[in-house]
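Report on the following structure.
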Amino acid sequence: MVLEMKVPSPGESITEVEIAQWLVEDGDYVEKDQAIAEVDSDKATLELPAEASGVITLKAEEGDAVEVGAVVCLIDTAAEAPAGGIKEEAPVEKKEEAPAPKVEAPVAKTYASGTPSPAAKKILDEKGIDASQVSGSGRDGRITKEDAVQATPSMGTPGPGARGESRTKLSMLRRKVAERLVEAKNTTAMLTTFNEVNMQPIFDIRKEYKEAFKAKHGVSLGFMSFFTLAVVRALELYPAVNSMIDGKEMLTFDYKDISIAVSGPKGLMVPVIRNAENLSFRGVESEVKRLAIRARDGQITVDEMTGGTFTISNGGVFGSMLSTPIINPPQSGILGMHNIVERPIVKDGQIIIAPIMFVALSYDHRIIDGKESVGFLVAVKEALEDPINLLMNGDIKKALEM
């Protein structure tokens, strides 16, 4: 019996996928539920498992765009599994090494006009300058060491290195990300406001409790839980930031589904922490870890990346000092975190050194005014600089469930 394997629907509204990579070859024997291909939709990369055991015949090439429901391969279920294991490679015939060439005694050499001396040639090679571009001042026009030292490459002259180029087709996911970024720039009145946060209070809490927190809960006490809960608090104070435009109406949400931008093997992924307002520090850290692992392993689903109301992007993990994050449409706001650097600041009339992070809020000015955007970012800053009172109700151990 020959089974036709068709492309399953990876999610609502998705009508087409792209064969990113075949994990098997034409004619291979595959086991049921074995991953045989990776397929890209405009929202995620998913694995395609074999629906039965048998010999596979591929009906699509890597890079092909195929409609949901189309046949991509055939599986001959009547075929028996191969009895042998891995085929042994034929022994490689050992060739006798050729005798080493005889080394003749050196003889005196004369140099033609424009020929560099050995010392000059070494210098020209290091500079990437062709000898034909240098006038020699030595005997019979020979290029001396001094000529090579004074030589400079002509403007616009290609160096000796490779000048090749390559073309790689963008995955469907990367093309969709590009479209959404352009859409955000073209369809929103996007502005960005900045502030700085003294991270010392959070540093102090993590230093004292991170080991016990990890031992008890199995996850690290990172920065994302502090930022997520600070954002939740700020969204309560400024609900317009937790809104989006729907036609001629402004849609405001009473729940906080926080999208977190993470880097996956196929590019940027933005999974969603659902109802973050109901989560504790442990809950946020556990969910961040779960989603990050699924994104890294290519197991994230479309549903897990759909429906966020606000986004947090952490460019600081890559060393970014400051940036203007782009809104994740149809959302109206995104908070950018950056790297933490010790900087001099004034506190209580004294100059001190503190770990400072610059933060940026990009927002859609069509529905969020300057007062609300600045107030929102200040509320985030206040919560991060006073987490014990504003995020933990004055009880660190209870907040961390210690």
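Basis for what follows: all heavy atoms, side chains included, without hydrogens, waters or symmetry-related copies. None of these values were measured; they are calculated from a predicted model.
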>> Strictly distance-based, threshold 3.5 Å: is any side-chain N or O of T77 a donor or acceptor partner for the main-chain N or O of M1?
In response: yes
> What closest approach, in Å, do A240 and I368 show between heavy atoms, and which atom pair accounts for it?
Replying inline: O-CG1, 3.7 Å
> Between the side chain of H338 and the main-chain N/O of F358, is any donor-acceptor distance below 3.5 Å?
Replying inline: yes
> With a 4.5 Å heavy-atom cut-off, do R296 and I293 have their side chains touching?
Replying inline: yes
>> Determine whether F227 and V359 satisfy the following criterion, side-chain contact (heavy atoms from CB on, under 4.5 Å), listing intermediate values before the conclusion.
In response: CA-CA 11 Å; F227 273 82; V359 289; 4.0 Å; yes
>> For a 4.5 angstrom cut-off between non-hydrogen side-chain atoms, does E236 reach K256?
In response: yes
> Looking only at heavy atoms, what is the nearest atom pair of A354 and I345, with distance?
Replying inline: CB-CD1, 3.7 Å
> Would a distance-only check, ignoring hydrogens and angles, find a side-chain to backbone donor-acceptor pair under 3.5 Å from S373 to G370?
Replying inline: yes
> Does I123 reach the side chain of V149, with side-chain heavy atoms less than 4.5 Å apart?
Replying inline: yes
> Does the side chain of I202 reach to within under 4.5 Å of the side chain of F223, using non-hydrogen atoms?
Replying inline: yes
>> Please determine whether the number of non-hydrogen atoms from other residues, nucleotides or ligands lying under 6.0 Å from atom CE of M250 exceeds 12.
In response: yes
>> Are E4 and L74 packed together at the side-chain level, in the sense that at least one heavy-atom pair is separated by less than 4.5 angstrom?
In response: yes
> Between K127 (side chain) and A148 (backbone), is there a donor-acceptor pair under 3.5 Å?
Replying inline: yes
> Mind checking whether M199 and F226 have side chains closer than 4.5 Å, heavy atoms only?
Replying inline: no
>> Can you confirm whether I351 is buried at CD1, in the sense that more than 12 heavy atoms of other residues, nucleotides or ligands lie under 6.0 Å from that atom?
In response: no
>> Would you compute the distance between atom CG of D40 and atom CD of Q21 and round it to the nearest 0.5 angstrom?
In response: 10.0 Å
Please tabulate, one pair per line, all N/O donor-acceptor pairs under 3.5 Å involving side-chain atoms of residues 330-337, not counting sequence neighbours.
| from | atom 1 | to | atom 2 | distance (Å) |
| --- | --- | --- | --- | --- |
| Q331 | OE1 | F310 | N | 3.4 |
| Q331 | OE1 | T311 | N | 3.1 |
| Q331 | OE1 | T311 | OG1 | 2.6 |
| Q331 | NE2 | S259 | OG | 3.1 |
| Q331 | NE2 | G308 | O | 3.1 |
| S332 | OG | S243 | O | 2.7 |

> How far apart are the closest heavy atoms of L361 and L377, and which atoms are they?
Replying inline: CB-CD1, 4.1 Å
>> For D395, is there any backbone N or O sitting under 3.5 Å from a side-chain donor or acceptor partner on N393?
In response: no
> With a 4.0 Å cut-off, would you call R290 and E304 a salt bridge?
Replying inline: yes
>> Show, in sequence, the C-alpha distance, side-chain angles and deciding distance for M305 and I300, and conclude whether the side-chain contact (heavy atoms from CB on, under 4.5 Å) test is met.
In response: CA-CA 8 Å; M305 295 195 294; I300 204 79; 4.0 Å; yes
> Got a second to check how far K210's NZ is from L221's CG, nearest 0.5 Å?
Replying inline: 9.5 Å
>> salt bridge (charged side-chain N to carboxylate O under 4.0 Å, His left out), that's the test. Do K122 and E126 meet it? Break it down for me.
In response: CA-CA 6 Å; K122 182 175 184 297; E126 291 174 352; 2.7 Å; yes
> Looking only at heavy atoms, which two atoms of L3 and A52 are closest? And how far apart?
Replying inline: CD2-CB, 3.8 Å
>> Under a 4.0 Å threshold between the charged nitrogen and the carboxylate oxygen, would R274 count as salt-bridged to E287?
In response: no
> More than 12 non-hydrogen atoms from neighbouring residues, nucleotides or ligands closer than 6.0 Å to CG on N278, yes or no?
Replying inline: yes
>> With salt bridge (charged side-chain N to carboxylate O under 4.0 Å, His left out) as the rule and sequence neighbours excluded, what pairs involving residues 366-389 come up?
In response: D364-R366, K381-E385
>> Tell me whether H217 contacts the main-chain N or O of L400 through its side chain, where contact means a donor paired with an acceptor under 3.5 Å.
In response: yes
>> Tell me every residue that passes salt bridge (charged side-chain N to carboxylate O under 4.0 Å, His left out) with E401, counting only those two or more places apart in sequence or in another chain.
In response: R282
>> Return the CG to CG distance between D257 and N242, rounded to the nearest 0.5 Å.
In response: 8.5 Å
> Got a sec, which residues hit salt bridge (charged side-chain N to carboxylate O under 4.0 Å, His left out) with K121, two or more places apart in sequence or on another chain?
Replying inline: D125
> salt bridge (charged side-chain N to carboxylate O under 4.0 Å, His left out) with D147: which residues, sequence neighbours excluded?
Replying inline: none
> Between V219 and F213, is a side-chain contact (heavy atoms from CB on, under 4.5 Å) present by the stated rule, with each step listed?
Replying inline: CA-CA 7 Å; V219 291; F213 185 89; 3.9 Å; yes
> How close do M392 and F281 get, heavy atom to heavy atom, and via which atoms?
Replying inline: CE-CZ, 3.6 Å
>> Side chains of F376 and L235, heavy atoms from C-beta outward: is any pair under 4.5 Å?
In response: yes
>> Show the nearest heavy-atom pair for residues V55 and G27, with the distance to one decimal.
In response: CG1-O, 3.6 Å
>> Rounded to the nearest 0.5 Å, what separates atom CG in D297 from atom CD in E47?
In response: 9.0 Å
> Would you find a donor on one side and an acceptor on the other, under 3.5 Å apart, between the side chain of R233 and the backbone of A379?
Replying inline: yes
> Looking only at atom types and distance, does a side-chain atom of E285 sit under 3.5 Å from a main-chain N or O of G222, one as donor and one as acceptor?
Replying inline: yes
> Taking only residues two or more places apart in sequence, or in another chain, which ones meet K32 in a salt bridge (charged side-chain N to carboxylate O under 4.0 Å, His left out)?
Replying inline: none
> More than 12 heavy atoms of other residues, nucleotides or ligands under 6.0 Å from CD of E183: is that the case?
Replying inline: yes
> Any side-chain heavy atom of I19 sitting closer than 4.5 Å to one from V39?
Replying inline: yes
> Going from CD1 on I56 to CH2 on W22, what distance comes out if it is rounded to the nearest 0.5 angstrom?
Replying inline: 5.5 Å
> Rounded to the nearest 0.5 Å, what separation is found between the CD1 atom of I327 and the CE atom of M244?
Replying inline: 11.0 Å
> Would D76 and T57 satisfy side-chain contact (heavy atoms from CB on, under 4.5 Å), going step by step from the backbone distance to the final call?
Replying inline: CA-CA 8 Å; D76 183 359; T57 302; over 6 Å; no
>> Among I258, I273, T228, which residue satisfies the side-chain contact (heavy atoms from CB on, under 4.5 Å) criterion with L279?
In response: I273
